[in-house]
Amino acid sequence: MREPDRIIRLKTVLARTGLSRSTIYRKIAGGTFPPQLKISSNGSGWHESDINRWIADPVGWRAEGRFEEAR
């Protein structure tokens with residue numbers, strides 16, 4: 001049985017990636033970092049698997065379900 005994908009908060013994402021808060025949000029806006037999930041009225045987090053995929057390949061990361069445009 002697979003373990004469920006954990007939701008991690010910003011503090012953990014900052015520690016794991018080494019990026020600053022402003023850089024993370026700038027990369028989200030540019031589509032080069034996983035977007036956060038709304039988990040409550042005042043809180044958000046990230047799927048741990050998305051962050052792990054980004055850490056493994058930050059330059060080549062693309063959100064699942066996105067397709068590269070045909071050339």
Quick one: pull up CG in Leu14 and CG in Leu10 and give me the separation to the nearest 0.5 Å.
4.0 Å
Take Ile24 and Val13 through the side-chain contact (heavy atoms from CB on, under 4.5 Å) test and state the conclusion after the steps.
CA-CA 9 Å; Ile24 286 174; Val13 173; 3.7 Å; yes
Linking I/L/V/M/F/W/Y whenever their side-chain heavy atoms sit closer than 4.5 Å, directly or via other members, would Ile28 and Ile7 fall into one cluster?
no
In terms of relative ring orientation, are Tyr25 and Trp46 parallel, tilted or perpendicular, with 30° and 60° separating the classes?
tilted
Between the main-chain N or O of Trp61 and the side-chain N or O of Trp54, is there a donor-acceptor pair closer than 3.5 Å?
no
I'd like to know if the side chain of Asp50 and the backbone of Pro34 have a donor-acceptor N/O pair within less than 3.5 Å.
no
Greater than 12 external heavy atoms within 6.0 Å of Lys38's NZ:
yes
Should Ile51 and Leu37 be counted in the same cluster of Ile, Leu, Val, Met, Phe, Trp and Tyr side chains packed under 4.5 Å apart?
no
Calculate, to the nearest 0.5 Å, the distance between atoms NZ and OG1 belonging to Lys27 and Thr17 respectively.
9.5 Å
Hey, are the side chains of Arg9 and Ile39 touching, using non-hydrogen atoms and a 4.5 Å cut-off?
yes
Not counting sequence neighbours, which residues clear side-chain hydrogen bond (donor to acceptor under 3.5 Å, both in side chains) with Glu48? List them please.
Arg6, Arg16
For Arg26, give me all partners under salt bridge (charged side-chain N to carboxylate O under 4.0 Å, His left out), at least two apart in sequence or on another chain.
none
